[in-house]
Enquirer: 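Sharing a structure, written as structure tokens. Questions coming.
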Amino acid sequence: MTAGLLRPGQVVLSENARVPCLIVCELGGGGQGEVYGAELRAEAVAVKWYHPGFATAEQRGALADLIRRGRPSPAFLWPMDIVSAPATPGFGYAMPIRDERFAGMAALVRREVEPSARVLATIGLGLAEAFLRLHAEGLCYRDISLGNAFFDPVEGEVLICDNDNVAIDGSTTGGVLGTPRFMAPEVVRGEALPSSRTDLFSLAVLLFTMFFVHHPLEGRREQDKRVLDFASMRALYGTDAVFIFDPDDDSNRPVEGAQQNALDLWPLYPRALRDLFVQVFTAGIRDPREGRVRESQWRQAMVRLRDSVVVCDACGGDAESFYDPEEPWGHRSCWRCGNLLPPALYLAEVTPGRQSRVVVSPGAAVFPHHLDGSRLYDFSTRIGEVVRHPSDPAAVGLRNGSGQRWRAGRPGGSTREVDPGKSVRLSAGTVIEIGPARLEVRAAP
């Protein structure tokens, strides 16, 4: 690696805390600056040091404001302190360092990492929640793209980096416009600056790319371009943007063979999720103010998607599909082997006013979100988990992880107690009492 702006062993000073920060190694760099591994108060951190052209008074002021505000959620690798060095021109900032268990979104698109369907939905939930909190603080990110988001392939936890570009929503000074192919059409056309509204479009592009391993605007029109020059990109992503699955315009459908990911994956997902993508990439292109899908809508959709995963036992239990309440279940086949999927069961929370539904498949879990209307989107505790029977793979049960005793049985029949760590077998009609909540196993229509 070539000589950088800083060198290993150099000490920079954190300006607010007034403590030294030791530069350990160079991690990488980009257009704005270079990133280093460092130690601050004996803890591992990262330091971004700006190239001279970006080390402006305006950028320093923006950083100071972000540090004062604090991060809107733990998902953001937020600036902790400005750092400077007497012998080195310019400045930078310290931020939490990204753990090695996190992979970049680009690795997902390249199929270097292939998380399960439930983890993929959890990643989408984390992104929606993170940007909901950011926007609720009156801020916009400006540059949502593959390069700025990371995820844990096992648990689905997300991290968002490069937060020094975050700005007050509606700000008209400084900052980046975004990453090509992820910018909202009105930004590409030069008609608007980044805002929370344009963030919503970029978030939708990121989510679509995650699920369908393809860009939502790259179909036949992109394939017909001999050269993707500035004029071509302005048309594809700005002036003449057309969704590849626009129900009223088939001029930009994916090309078989060349763009097969989108064609293969699109029909696998529930209609309700596909409808959200249709909305944002049709009405949301024509009317950015009213047509965009909100973070709260994505959050709700991701929870439902995560609770809709089913597996095909004929494929060994690892080919995942989704239960779609808008499609007759008996007509859905496994995408891998072609066999009809077995009849689906789901856990329904039967307390009046609740509409929670978790499809019964190994790995599915019940959280406070499903049982208590006052704890929506609370996934802090795994109250119960669907597991296979140890001696009968065709049978599944709900294992008690709550720490309290349950009661389970069938209407009109006897009930039994289910101690923590034990399981109750799941079949249609089974009722499980978990504190004041009641779960009933039902057959999907």
Side-chain angles (χ1 to χ4, degrees), residues 1-8 10 12 21 23-38 40 44-64 66-67 71 75-85 88-100 102-110 112 127 130-131 134 139-151 158-167 173-183 187-188 193-194 198-199 202-203 205-206 209 215 228 230 233 237:
M1 188 172 289
T2 59
L5 299 169
L6 302 177
R7 64 184 185 278
Q10 184 174 353
V12 297
C21 180
I23 302 301
V24 176
C25 63
E26 187 173 350
L27 299 177
Q32 289 183 316
E34 296 175 350
V35 180
Y36 299 85
L40 179 66
V45 298
V47 166
K48 180 175 179 178
W49 194 271
Y50 291 102
H51 291 305
F54 292 92
T56 63
E58 182 180 26
Q59 183 63 52
R60 181 186 280 269
L63 275 174
L66 293 175
I67 293 166
R71 62 181 181 175
F76 293 93
L77 296 176
W78 203 253
M80 300 162 56
D81 204 346
I82 295 174
V83 295
S84 58
T88 304
F91 62 91
Y93 69 92
M95 58 184 160
I97 197 164
R98 173 169 52 89
D99 192 280
E100 292 182 355
F102 287 88
M105 286 292 177
L108 189 153
V109 174
R110 293 193 297 264
E112 296 171 357
L127 290 170
F131 288 111
L134 180 82
L139 301 170
C140 65
Y141 186 80
R142 295 176 175 255
D143 192 21
I144 299 173
S145 69
L146 288 175
N148 297 330
F150 297 82
F151 65 94
V158 301
L159 289 178
I160 299 166
C161 67
D162 287 348
N163 295 293
D164 51 328
N165 290 317
V166 170
T173 59
V176 299
L177 293 178
T179 296
R181 301 174 67 245
F182 284 83
M183 293 187 289
V187 176
V188 176
L193 291 172
T198 67
D199 275 357
S202 301
L203 174 60
V205 174
L206 179 59
T209 305
H215 193 283
L228 279 179
F230 177 80
M233 293 187 71
Y237 308 111

Enquirer: Rounded to the nearest 0.5 Å, what separation is found between the OG1 atom of T179 and the CD1 atom of I144?
Expert: 10.0 Å
Enquirer: Can you measure from CZ (F131) to CG (D199) and round to the nearest 0.5 angstrom?
Expert: 6.5 Å
Enquirer: Under the side-chain contact (heavy atoms from CB on, under 4.5 Å) criterion, do L134 and V166 qualify, and how do the steps go?
Expert: CA-CA 9 Å; L134 180 82; V166 170; 4.0 Å; yes
Enquirer: Using only atom types and a distance under 3.5 Å, with no angle test, would you say the side chain of Y93 pairs donor to acceptor with the backbone of W49?
Expert: no
Enquirer: Which heavy-atom pair separates L40 from M80 by the least distance, and what is that distance?
Expert: CD2-CE, 4.2 Å
Enquirer: Calculate, to the nearest 0.5 Å, the distance between atoms CD1 and CD belonging to I23 and E34 respectively.
Expert: 11.0 Å
Enquirer: Check C140 against P194 and note the closest heavy-atom contact, atom names and distance.
Expert: SG-O, 4.0 Å
Enquirer: Between N148 and D162, which heavy-atom pair has the shortest distance, and what is it?
Expert: OD1-OD2, 2.9 Å
Enquirer: List for me each residue that meets side chain to side chain donor-acceptor pair (under 3.5 Å) alongside Q59, sequence neighbours excluded, and say none if there are none.
Expert: Y50
Enquirer: Output, in order, the C-alpha distance, side-chain angles, deciding distance and verdict of side-chain contact (heavy atoms from CB on, under 4.5 Å) for L77 and I160.
Expert: CA-CA 6 Å; L77 296 176; I160 299 166; over 6 Å; no
Enquirer: As a quick check of understanding, evaluate salt bridge (charged side-chain N to carboxylate O under 4.0 Å, His left out) for D164 and K48, giving each step before the final call.
Expert: CA-CA 10 Å; D164 51 328; K48 180 175 179 178; 3.0 Å; yes
Enquirer: CG/N165 to CZ/R142 distance, rounded to the nearest 0.5 angstrom?
Expert: 7.5 Å
Enquirer: Partners of Y237 by ring-ring contact (aromatic ring centres under 6.0 Å, His included), sequence neighbours excluded?
Expert: H215
Enquirer: Less than 4.5 Å apart, any side-chain heavy atom of V47 and any of M95?
Expert: no
Enquirer: Side-chain contact, heavy-atom cut-off 4.5 Å: R60 with F91?
Expert: yes
Enquirer: Can you tell me how far the CZ atom of R7 sits from the SG atom of C25, to the nearest 0.5 Å?
Expert: 15.0 Å
Enquirer: Looking only at non-hydrogen atoms, find the nearest pair between I97 and A44 and report the distance.
Expert: CG2-O, 3.8 Å
Enquirer: What's the separation between atom CG in L159 and atom CG in D99, rounded to the nearest 0.5 Å?
Expert: 8.5 Å
Enquirer: I'd like to know whether C21 forms a side-chain contact (heavy atoms from CB on, under 4.5 Å) with V45, so could you lay out the CA-CA distance, the side-chain angles of the two residues, the decisive distance to 0.1 Å, and finally the verdict.
Expert: CA-CA 9 Å; C21 180; V45 298; 4.3 Å; yes
Enquirer: Do N163 and L66 have side chains that approach each other closer than 4.5 Å (heavy atoms only, starting at C-beta)?
Expert: no
Enquirer: Can you give me the closest heavy-atom contact between F182 and S202, atom names plus distance?
Expert: O-OG, 2.6 Å
Enquirer: If you compare all heavy atoms of M233 against all heavy atoms of P180, which two are closest, and at what distance to 0.1 Å?
Expert: CE-CB, 4.1 Å
Enquirer: If the condition is side chain to side chain donor-acceptor pair (under 3.5 Å), which residues does Y141 pass it with, not counting sequence neighbours?
Expert: none
Enquirer: I'd like to check M105 versus L127 (side-chain heavy atoms, cut-off strictly below 4.5 Å). Are they in contact?
Expert: yes
